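Inspection log for the structure reproduced underneath, given as structure tokens.
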Amino acid sequence: MSVSKILYTATATAKGGREGHIHSSDGVLDFDLKVPKELGGPGGAGSNPEQLFAAGYAACFEGAVRFVARERKVALKEASVTAQVGIGPREPTGFGIAVKLEVSLPGIDRAVAQELVDTAHSDICPYSHATRGNIDVQISLA
């Protein structure tokens, strides 16, 4: 399904790949990338594509859960989403990523919380739409 109307466009430029530099068009993001030691790089100060994807997915999914809660008139005092994005070899060639989302909705009945999470994943979150069928995404309630 296509997007019917673009409401916002984020623009970022990367130079030098995983050992390079990224910056956003508005200057908010402007930092070096480093290959993690686990992938044979030096590690150290600097982010990597998996961290950036994890941060984006966690923020987007938490926003989607809040959206569904507002629609259902469920008051969320606290909510958080922790995303883990793993990378590894994919058969027969190349690399792939897998995602684990841990959602915390303290004070919300577990059945209600599960419904909010399921609806956010199936109907609302654009990251979930983009990954569906392409990336293994596991979601759990804390």
Side-chain angles (χ1 to χ4, degrees), residues 1-14 17-142:
M1 184 173 286
S2 64
V3 177
S4 61
K5 179 181 176 184
I6 301 295
L7 300 175
Y8 168 75
T9 299
T11 303
T13 301
R18 290 179 165 273
E19 297 176 273
H21 189 87
I22 64 165
H23 71 274
S24 59
S25 59
D26 62 3
V28 171
L29 298 178
D30 189 3
F31 51 84
D32 291 331
L33 299 175
K34 299 287 183 190
V35 177
K37 288 182 180 182
E38 296 86 348
L39 294 177
S47 190
N48 60 66
E50 292 72 37
Q51 281 183 336
L52 296 169
F53 191 84
Y57 203 162
C60 189
F61 197 82
E62 199 260 357
V65 170
R66 287 185 180 277
F67 177 87
V68 175
R70 277 192 307 276
E71 293 286 308
R72 305 268 168 88
K73 309 249 187 288
V74 175
L76 292 183
K77 293 180 182 170
E78 291 183 49
S80 67
V81 174
T82 300
Q84 295 178 342
V85 175
I87 184 171
R90 192 179 86 152
E91 298 298 329
T93 61
F95 293 86
I97 61 174
V99 174
K100 292 182 183 179
L101 301 176
E102 184 176 291
V103 182
S104 176
L105 301 173
I108 303 298
D109 175 79
R110 190 154 184 91
V112 172
Q114 189 65 58
E115 182 184 345
L116 296 176
V117 167
D118 291 347
T119 303
H121 185 57
S122 66
D123 298 343
I124 306 300
C125 180
Y127 275 68
S128 291
H129 293 315
T131 59
R132 189 167 292 114
N134 299 308
I135 296 172
D136 180 30
V137 177
Q138 298 175 9
I139 304 173
S140 63
L141 278 170

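If you're wondering where the values come from, they're calculated on a predicted model, not measured in any experiment.
Between Phe53 and Thr131, some side-chain heavy-atom pair lies under the 4.5 Å cut-off. Residues Ile22 and Leu52 meet the side-chain proximity criterion, which asks for heavy atoms closer than 4.5 Å.
Proximity of a side-chain donor or acceptor of His129 to a complementary backbone N or O of Asp123 within less than 3.5 Å is detected. Although no hydrogens or angles enter the test, the distance criterion places a donor-acceptor pair under 3.5 Å between the side chain of Ser24 and the main chain of Val28. Judged by distance alone, with hydrogens and angles left aside, the side-chain atoms of His21 form a donor-acceptor pair with the main-chain N or O of Phe31 at under 3.5 Å. At distances below 3.5 Å, not a single donor-acceptor pair connects side-chain atoms of Thr119 with backbone N or O atoms of Leu116. At distances below 3.5 Å, not a single donor-acceptor pair connects side-chain atoms of Arg18 with backbone N or O atoms of Pro36.
To the nearest 0.5 Å, the span separating CD on Glu78 from OG on Ser104 amounts to 7.5 Å. Rounded to the nearest 0.5 Å, atoms CG (Leu76) and CZ (Arg66) are 5.5 Å apart. To the nearest 0.5 Å, the span separating CD on Glu115 from CG on Asp109 amounts to 10.0 Å. In this structure, CD1 in Ile97 is found 13.0 Å from CD in Gln84, a value given to the nearest 0.5 Å.
The minimum heavy-atom distance between Glu102 and Ala142, with the atom names listed, is OE2-CB, 3.7 Å. Of all the heavy atoms in Asp30 and Gly27, the pair that sits closest is CB-O, 4.2 Å. When every heavy atom of Glu19 is checked against every heavy atom of Val35, the shortest pair comes out as CG-CG2, 3.4 Å. Nearest heavy atoms, Leu101 versus Ala83: CD2-CB, 3.6 Å.
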Is there a side-chain contact (heavy atoms from CB on, under 4.5 Å) between Val81 and Tyr57? Walk through the geometry before answering. CA-CA 9 Å; Val81 174; Tyr57 203 162; over 6 Å; no
How far apart are the C-alpha atoms of Leu105 and Val74, what are their side-chain angles, what is the distance that settles it, and do they pass the side-chain contact (heavy atoms from CB on, under 4.5 Å) test? CA-CA 11 Å; Leu105 301 173; Val74 175; over 6 Å; no
Begin with the C-alpha distance, continue with both residues' side-chain angles, and end with the deciding distance and a verdict on side-chain contact (heavy atoms from CB on, under 4.5 Å) for His121 and Val137. CA-CA 10 Å; His121 185 57; Val137 177; 4.1 Å; yes
Show the numbers, then the answer: is there a side-chain contact (heavy atoms from CB on, under 4.5 Å) between Ile139 and Phe61? CA-CA 11 Å; Ile139 304 173; Phe61 197 82; 4.0 Å; yes
